Q: 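So that we are looking at the same thing, I have put the structure below in structure tokens.
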There are 2 protein chains.
Amino acid sequence: MTKDKDLNDLFLDTLKDIYFAEKQILKALPKMAKAATSDKLRAAFDKHHDETEGQIERLERIFELLGKPARSKTCDAIVGILEEGKEIMDEYKGTEALDAGLLAAAQAVEHYEISRYGTLKQWAIQLRMKDAANLLDETLKQEKKTDESLTVLAESAVNLAAAA
Amino acid sequence: MTKDKDLNDLFLDTLKDIYFAEKQILKALPKMAKAATSDKLRAAFDKHHDETEGQIERLERIFELLGKPARSKTCDAIVGILEEGKEIMDEYKGTEALDAGLLAAAQAVEHYEISRYGTLKQWAIQLRMKDAANLLDETLKQEKKTDESLTVLAESAVNLAAAA
């Protein structure tokens, strides 16, 4: 029944999955920025919001390269990851631990994206879609850089605490 | 109402979250191993199953260090990530793309774990819980190594395809 499905189908399915995820992330980031108490953390979320818009455009270019309409497919993973972030925002609202929780939620999102873009890039290479591979690599590098910046923020909180 | 919650609470909540996640992963891995067609991929899942048992024990030691009972808290993120893996197993069963899909699902799991253990380790340092930080770092290193091995497997598939 499904014997005819191949890596092209899996690539397209996963593209739809991350397209859905990016759009959910785009909606979540302003809420996370609004909730953050640290200016640096808010600035990091605002910056990533702008980057996410560019990442969505890159995905739309890949759909074009494939000659397929840009469509979303519900991504249970990002729904769950963002739901956890929302719980943290609710449960830790007004507490000193809120920013730490927001940072952790954002890093879980970044790692999901890093995993998906890494996979899609490998498949694009395997499927000999060089332009798509380059676009995916561009986003992958951006996601890794964002995760590193968030780690620096998390570590600076550690250093502040250690110095206190 | 929640003003009194602090980083200690967030640490404990997140510990319960990853404890739940690890137990779900422990249940999912034998199913993924059974589904895999490549011997190398099956061996990687079996190996990670054993490692996961050790990671669960390390979490239980941290609960002990905290003087708290080892309890799970539903982790929506891992539920979503594993649900996606299950969908791949169903939709790509019997196809040539199944192993690629299983590998991708496993890497999404690894990245979630890397993000959570990285966060927990930082918080343990911030909370000056050296023994907990060391245990978390041990698991974090193991998860990163597992992700690297899975990347090598994914790349070897690429190389095989390129050589074909």
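Source: prediction; values computed, not measured. Chain letters run A, B, ... following the sequence lines, proteins first, then strands; residues in each count from 1.
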Q: Check whether any side-chain heavy atom of B:I88 sits under 4.5 Å from a side-chain heavy atom of A:L10, and report yes or no.
A: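 Of all side-chain heavy-atom pairs linking A:L10 with B:I88, at least one is under 4.5 Å.
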
Q: If you count heavy-atom pairs within less than 4.5 Å of chain A, which of B:G80, B:G118, B:C75, B:G85 leads?
A: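 Going by pairs under 4.5 Å, I would pick B:G80.
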
Q: Measure A:D17 against the heavy atoms of chain B and call it side chain, backbone, both or neither at under 4.5 Å.
A: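 The answer is the side chain of A:D17.
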
Q: Going from CD on A:Q126 to CD on B:E155, what distance comes out if it is rounded to the nearest 0.5 angstrom?
A: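 Going from CD on A:Q126 over to CD on B:E155, the span is 11.0 Å.
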
Q: For a side chain to side chain contact (heavy atoms under 4.5 Å, CB included) check, start with the C-alpha distance between A:L103 and B:Q122, then their side-chain angles and the critical distance, and finish with the verdict.
A: CA-CA 11 Å; A:L103 245 169; B:Q122 283 300 341; over 6 Å; no

Q: Could you tell me which portion of A:S115 (side chain, backbone, both or neither) has an atom closer than 4.5 angstrom to a non-hydrogen atom of chain B?
A: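 Both backbone and side chain of A:S115 come within 4.5 Å of chain B.
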
Q: Is B:L65 reachable from B:I56 through a run of I, L, V, M, F, W or Y residues, each pair having side-chain heavy atoms under 4.5 Å apart?
A: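 Hydrophobic grouping puts B:I56 with B:L65.
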
Q: Looking at B:W123 and A:G101, what are the two nearest heavy atoms and their distance?
A: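 So the two residues come closest at CZ2-N, 4.2 Å.
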
Q: What part of B:K121 is in contact with chain A, defined as an atom under 4.5 angstrom from a non-hydrogen atom: side chain, backbone, both or neither?
A: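 Nothing of B:K121, per the 4.5 Å heavy-atom cut-off to chain A.
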
Q: Where do B:A77 and A:E84 come nearest, in terms of heavy atoms and distance?
A: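 For B:A77 versus A:E84, the nearest heavy atoms are N-OE2, 3.3 Å.
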
Q: Donor-acceptor check, side chain of A:E96 to backbone of B:D6, threshold 3.5 angstrom: yes or no?
A: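 Judged by distance alone, no pair lies under 3.5 Å.
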
Q: Nearest heavy-atom pair of B:T95 and A:K5: which atoms, and what distance?
A: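 What the structure gives for the nearest pair is CB-O, 3.3 Å.
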
Q: How close do B:R116 and A:A104 get, heavy atom to heavy atom, and via which atoms?
A: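 Heavy atoms of B:R116 and A:A104 come nearest at NH1-O, 3.6 Å.
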
Q: Just checking heavy atoms, which of residues 30-43 of chain A are less than 4.5 Å from chain B?
A: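 Heavy-atom contacts from residues 30-43 of chain A to chain B are absent.
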
Q: Measure from the side-chain N and O atoms of A:Y112 to the backbone N and O of B:I81, and report whether any donor-acceptor pair falls under 3.5 Å.
A: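 Between the backbone of B:I81 and the side chain of A:Y112 there is no qualifying donor-acceptor contact (under 3.5 Å).
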
Q: Side chain, backbone, both or neither: which part of A:D147 has a heavy atom under 4.5 Å from chain B?
A: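 The answer is neither part of A:D147.
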
Q: Can you check whether B:D13 reaches A:E91 side chain to side chain, under 4.5 Å on heavy atoms?
A: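 Sidechains of A:E91 and B:D13: in contact.
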
Q: Of the backbone (N, CA, C, O) and the side chain (C-beta and beyond), which part of A:E110 lies under 4.5 Å from a heavy atom of chain B, both, or neither?
A: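 Answer is neither: A:E110 stays 4.5 Å or more from chain B.
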
Q: Using a 4.5 angstrom heavy-atom cutoff, name the option from B:L127, B:N8, B:D9 with the most pairs to chain A.
A: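 Of the options given, most contacts go to B:D9.
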
